[in-house]
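Notes follow once the structure below has been shown.
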2 protein chains.
Amino acid sequence: MNRFLGHVTNKIDAKGRVSVPAHFRSIIQQAGHTELYALRSLHLPALDAGGPDLLTRFDKRLESEDPFAEMADDMSFYLHADGGFLKLDADGRITVTDFLREHTGITDDVTFAGANTHFQMWQPEQFEAHRAKVRQRLMERRRLENLDNQTGNR
Amino acid sequence: MNRFLGHVTNKIDAKGRVSVPAHFRSIIQQAGHTELYALRSLHLPALDAGGPDLLTRFDKRLESEDPFAEMADDMSFYLHADGGFLKLDADGRITVTDFLREHTGITDDVTFAGANTHFQMWQPEQFEAHRAKVRQRLMERRRLENLDNQTGNR
DNA sequence: TCTAATCCCATTGACGCCCATAGTGCCCCA
DNA sequence: TGGGGCACTATGGGCGTCAATGGGATTAGA
């Protein structure tokens, strides 16, 4: 299945390298890429990453915007200045640069989390915290919907 | 009948594998799949599992959400990062990873419980407890409804 | 020249693939 | 109707492969 799914945390070694999960790698290599494109997430202390086609996808969405609008300028700046390429070495590892560490708080381990069309890189505890928060928000919403249904249907 | 019904508990072997009940397997294989998609249930200490089409069903619901809303992000995160594929081996077994154990408390045995369009995986005692609670709730509710009917209808 | 990136190789543990066995239910035939 | 045998499932275990990780050596760049 060619989707980014599930999550794994891998160690950063003494030389600052970390293995990208084999499953994620195979998806990217299947598309014929040997590099990753990574972008600092806007709302989260995480990086959105994927094959270079991820940038292409974002670019395309940009083109549909009015090129004179300020929003498009901002977006473009964000995509190209706040994003970067990560080279995969022969063993499928990337080196964790300051670009990654600053935004995420990553130090010794990286949690790779699937997001269907791309994946994210997290500092493990931040990931766990976010996961808990998301679950709680979803439960809350579910509870509200149940209340709606009960009052609405009867 | 291509529905997930009934419940069975199977042992986890020394290598951490457990047989998926043949009946459940046949439903999935009938649909041409050799993998399972499993998701950590929001409100229960159990995993919702089924064929990959289960994920597809969820994804469709996601598409109907506003992609810029926080809720869509949350749902995507929940579905894709907090869920994953489980490979069935040649004998119809899956390996029970920490991903499964953490959320459910599963250690030595797994209870597979049918849920019509999908099935669930439980730690046996948790399952039993939940089953008892559900029965009780249903009985209680039935009792209340009977009271309603008696006062209201006659 | 020193640091940092890159390439290459070794180790270890997990996982996939394969086959064996025991228990159970079912069917067929005597 | 009862017994024998077949089919299938759950379970156990061997073994080879691959992924994750560690570390040496070589090259490039500051």
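Each chain gets a letter, A, B and so on, in the order its sequence line appears, and its residues count up from 1.
- Shortest non-hydrogen contact noted between B/Phe99 and B/Leu47 is CE2-CD2, 4.3 Å.
- Within 4.0 Å of B/Ala90, counting heavy atoms only, lies no atom of the nucleic acid at all.
- Separating the CZ atom of A/Arg25 from the P atom of D/dT21 is a distance of 11 Å, rounded to the nearest angstrom.
- One interatomic measurement links the two molecules: NE2 of B/His23 to P of D/dA7, which rounds to 22 Å at whole-angstrom precision.
- Side chain to side chain, B/Asp82 and A/His7 fail the donor-acceptor criterion of an N or O pair below 3.5 Å.
- In this structure, the CG atom of B/Asp89 is 17 Å from the P atom of D/dG14, given to the nearest Å.
- Considering only side-chain atoms of B/Asn10, the nucleotide from C/dG16, D/dA20, D/dA10 that sits closest is D/dA10.
- Put simply, CD1 on A/Ile94 is 12 Å from P on D/dT21, counting in whole angstrom units.
- Aromatic ring centres of A/Phe127 and A/Phe112 lie farther apart than the 6.0 Å criterion allows.
- Across D/dG24, D/dG12, C/dG16, the shortest atom-to-atom separation from the side chain of B/Lys87 is found for C/dG16.
- Of all heavy-atom pairs between A/Leu5 and A/Phe24, the closest is O-CE1, 3.7 Å.
- Minimum atom distance to the side chain of B/Arg17 is reached by C/dC17, of the listed D/dT11, D/dT21, C/dC17.
- A donor N or O paired with an acceptor N or O is found under 3.5 Å between the base of C/dT6 and the side-chain atoms of A/Lys15.
- As rounded to whole Å, 18 Å separates atom P of D/dT9 from atom CG of B/Asp13.
- Note: CG (B/Asp98) to P (C/dG13) measures 16 Å, nearest angstrom.
- Checked against the 6.0 Å centroid threshold, B/Phe77 and A/His130 count as a close aromatic pair.
- Nearest-nucleotide mapping onto DNA chain D: of B/Val18 and A/Val20, the residue sitting toward the 5' end is B/Val18.
- The base of C/dC9 lies close enough to the side chain of A/Asp91 for a donor and an acceptor atom to sit less than 3.5 Å apart.
- One atom, NZ of B/Lys11, and another, P of D/dT11, lie 6 Å apart when rounded to the nearest Å.
- The interatomic distance linking B/Ile12 (CD1) with C/dC15 (P) rounds to 13 Å, in whole Å.
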